[in-house]
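Below is one structure, written out as structure tokens, with a few remarks after it.
Every heavy atom of this structure was used, including side-chain atoms; hydrogens, water molecules and symmetry mates were not. Every chain is numbered from 1 and lettered A, B, ... according to where its sequence line falls, protein lines coming before strand lines.
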Amino acid sequence: MLDPQLLRSDLDQVATALKKRNMVLDVDAIQQLEEKRKKIQVATEELQSLRNSKSKEIGQLKSRGEDAQAIMDEVSKIKSQLDDSTTELDSIQTQLNDIVSGIPNIPHASVPNGTTEDDNEEVRTWGEARSFDFEPKDHVDLGEALGLIDFETATKITSSRFVVMHGGIAKLHRALIQFMLDTHGEEHGYAEINVPYLVNADSCFGTGQLPKFEEDLFHIKEHGFYLIPTAEVPVTNTARDEILSNDELPKKYVCHSPCFRSEAGSYGKDTRGMIRQHQFEKVEMVQLVKPDSSYDALEDLTGHAENILKKLNLPYRVVTLCGGDLGFSAAKTYDIEVWLPGQNKYREISSCSNFEAFQARRMKARWRNPETNKPELLHTLNGSGLAVGRTLIAVMENYQDKEGNITIPEVLRPYMNNQTVISK
RNA sequence: GGAGAGGUGGCAGAGUGGUCGAAUGCACUGGUCUUGAAAACCAGCGGUCCUUUAUCGGUCCCGUGGGUUCGAAUCCCACCCUCUCCGCCA
């Protein structure tokens with residue numbers, strides 16, 4: 001949610017900034033509603049104030065045993081005016097609220113212009129794509145040849161976009177999770193946290209999945225819960241309705257969780273293999289920081305995600321998302337894309353974002369600034385560190401040999417009983 | 001799932017229709033005193049939104065949402081949550 005003060009004082013500036021997202025803000029509609037709101041809110045509060053003071057008078061008269069009928073009649077009249085006024089105010093505020101909570105975050109000044117992912121700006125590349133003296137296979141061919149990845153059975157059990165993994169691949173998957181958690185915990189200073197995978201609607205609103213993107217979520221209607229699309233939702237919402245003290249900041253959490261996405265609207269896209277699944281696992285980093293340090297934190301966080309790829313010796317590049325490709329809540333996002341020999345291209349494996357106060361305002365996540373002694377909004381950030389399924393794919397495709405065996409990256413061997421290779 | 005008890009400020013805890021946003025204690029902050037500290041004493045000490053350049057002022061908030069009333073922390077309804085016991089169960 002954007003700052004309502006900013007929307008009042010400088011709506012045109014907001015509209016201009018949002019053009020970077022190729023979004024057109026209906027400035028006139030907002031201004032008209034805002035004018036009405038102001039008029040009616042002031043009138044309503046004046047009526048409330050009048051009612052309160054008159055009612056107190058009644059109490060005083062009665063306690064002295066005097067007759068208060070005249071004032072009681074008067075307040076009755078005020079009350080009916082007040083009812084009308086309140087009803088109108090509620091309606092206007094609901095309309096305004098719906099509009100405002102549907103406005104995406106303002107892109108940071110450093111975000112490049114553009115409309116699609118083709119306009120994203122490459123920041124840096126790391127590592128060199130391995131040259132193969134044979135035709136590299138993709139993870140589907142590799143996994144099925146090994147007999148360790150099984151999409152058909154998953155389809156039988158559930159549906160498409162699910163997977164069953166066996167043996168060495170399942171272990172490799174688990175090793176990746178532990179390796180990532182340990183690295184972020186021990187080297188990057190994140191506190192490990194384990195959270196619910198079902199969350200309520202307030203939590204989804206807090207991080208921005210609701211109300212606009214309900215169709216992307218799995219919803220358990222009977223209980224009103226949602227399956228988390230990312231650990232970002234429960235982890236960031238730990239700070240909802242809280243006022244954190246200065247000395248507990250910054251807060252840095254690392255969390256492994258499954259993620260559930262309906263993938264509505266992605267029909268026909270990435271249907272082959274494990275790239276785009278309804279259920280996948282992710283190690284997520286979340287930071288809650290003071291506003292003045294959030295952009296430094298974004299660089300750090302992105303570096304932490306990159307470090308995992310470096311340790312796995314997987315080539316990647318970092319891009320800054322352009323305005324048109326930026327997520328709803330983010331002010332700035334770096335995507336990290338890993339090299340996949342099977343597809344002969346870079347594919348997203350991590351997304352690291354600074355949300356500034358956008359999520360914090362939605363969920364009232366604050367800290368007490370010792371300089372002002374007032375509660376102020378935090379800045380929130382998160383990034384994948386990394387998407388486990390896609391990392392698994394990257395390892396398989398980058399570490400394959402001619403026979404279709406997978407060499408296990410050295411950093412993962414301690415997690416796999418020092419196994420060095422996955423073979424048939 | 002069944003039965004019972006309960007949800008009040010950072011914490012504890014009073015408050016069952018009228019100057020109650022809320023006593024009191026603790027914690028915290030500032031001051032006095034002290035060489036310093038402690039103690040004691042004095043003062044301050046929730047959040048939200050609106051109006052305003054700001055102050056001042058006002059609104060709303062006693063789990064949440066409705067309702068009754070001139071007036072609700074207090075009465076009524078629904079829901080949520082916590083605790084205890086029973087049942088079921090990894």
Side-chain angles (χ1 to χ4, degrees), chain A residues 1-11 30-101 194-206 210-211 220-226 234 237-249 258 357 360-378:
Chain A
M1 198 129 69
L2 297 179
D3 183 357
Q5 306 290 350
L6 184 65
L7 289 173
R8 275 173 215 151
S9 63
D10 216 340
L11 190 56
I30 295 173
Q31 261 166 354
Q32 278 177 22
L33 270 172
E34 177 50 30
E35 258 171 58
K36 273 204 230 166
R37 189 228 98 228
K38 184 166 172 173
K39 206 175 80 194
I40 291 163
Q41 182 162 359
V42 170
T44 305
E45 291 188 3
E46 275 171 5
L47 283 169
Q48 284 173 323
S49 176
L50 191 63
R51 177 204 59 193
N52 292 345
S53 60
K54 292 278 178 190
S55 291
K56 272 184 186 166
E57 268 184 58
I58 293 169
Q60 282 164 357
L61 285 173
K62 287 205 161 180
S63 67
R64 278 187 253 123
E66 292 172 36
D67 178 48
Q69 193 54 49
I71 304 186
M72 281 169 68
D73 293 344
E74 199 184 329
V75 182
S76 278
K77 274 185 214 151
I78 294 170
K79 201 197 165 192
S80 75
Q81 285 178 52
L82 183 58
D83 283 346
D84 293 346
S85 186
T86 308
T87 306
E88 197 178 351
L89 181 62
D90 284 350
S91 141
I92 289 166
Q93 272 178 334
T94 304
Q95 289 175 58
L96 259 177
N97 230 330
D98 288 350
I99 294 173
V100 171
S101 60
N194 189 292
V195 292
Y197 304 149
L198 297 178
V199 293
N200 57 33
D202 285 345
S203 293
C204 293
F205 181 83
L210 287 182
I220 302 179
K221 295 193 178 67
E222 193 186 353
H223 295 95
F225 300 144
Y226 295 84
N237 272 280
T238 56
R240 173 151 54 86
D241 295 321
E242 300 288 335
I243 301 173
L244 303 181
S245 68
N246 183 47
D247 53 16
E248 56 188 322
L249 293 172
R361 186 173 291 106
R362 290 178 153 243
M363 63 183 149
K364 297 187 190 69
R366 294 168 293 172
W367 66 298
R368 195 172 294 277
N369 184 344
E371 282 170 32
T372 60
N373 207 32
K374 292 265 189 262
E376 295 174 15
L377 293 169
L378 288 165

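Distances from the side chain of Glu45(A) to the nucleotides rG18(B), rC49(B), rG46(B) place rC49(B) closest. Checking rC70(B), rC60(B), rU52(B) against the side-chain heavy atoms of Asn52(A) singles out rC60(B) as nearest.
Contact annotation: Arg8(A) side-chain N/O to rC50(B) OP1/OP2 distance is under 4.0 Å. One finds a side-chain N or O of Arg368(A) lying less than 4.0 angstrom from the OP1 or OP2 phosphate oxygen of rG47(B). A sub-4.0 Å separation between OP1 or OP2 of rU52(B) and a side-chain N or O of Lys38(A) is present. In this model, the phosphate group of rC60(B) is approached by a side-chain N or O of Arg51(A) to a distance below 4.0 Å at OP1 or OP2. Put simply, Arg366(A) has no side-chain N or O that comes within less than 4.0 Å of OP1 or OP2 on rG46(B). Under 4.0 angstrom from either OP1 or OP2 of rU51(B) there lies at least one side-chain N or O belonging to Arg37(A).
Rounded to whole angstrom, the span from the CG atom of Leu89(A) across to the C1' atom of rG58(B) amounts to 14 Å. Per the geometry, CG belonging to Leu82(A) stands 14 Å off C1' belonging to rU69(B), to the nearest Å. In this structure, Asp202(A) atom CG and rC80(B) atom P are separated by 14 Å, rounded to whole Å.
A donor-acceptor pair under 3.5 Å is formed between the side chain of Ser9(A) and the backbone N or O of Gln5(A). Side-chain atoms of Asn246(A) do not come within 3.5 Å of backbone N or O of Pro370(A) as any donor-acceptor pair. Remark: side-chain polar atoms of Arg361(A) are paired, donor with acceptor, to backbone N or O of Met1(A) under 3.5 angstrom.
The side-chain heavy atoms of Ser55(A) and Asn52(A), taken from C-beta on, include no pair separated by under 4.5 Å.
Using a 4.0 Å heavy-atom criterion, one finds that Lys62(A) contacts the bases of the nucleic acid, with or without backbone contacts as well. Residue contacts for Pro4(A): at a heavy-atom cut-off of 4.0 Å it reaches no nucleic acid atom on any strand shown.
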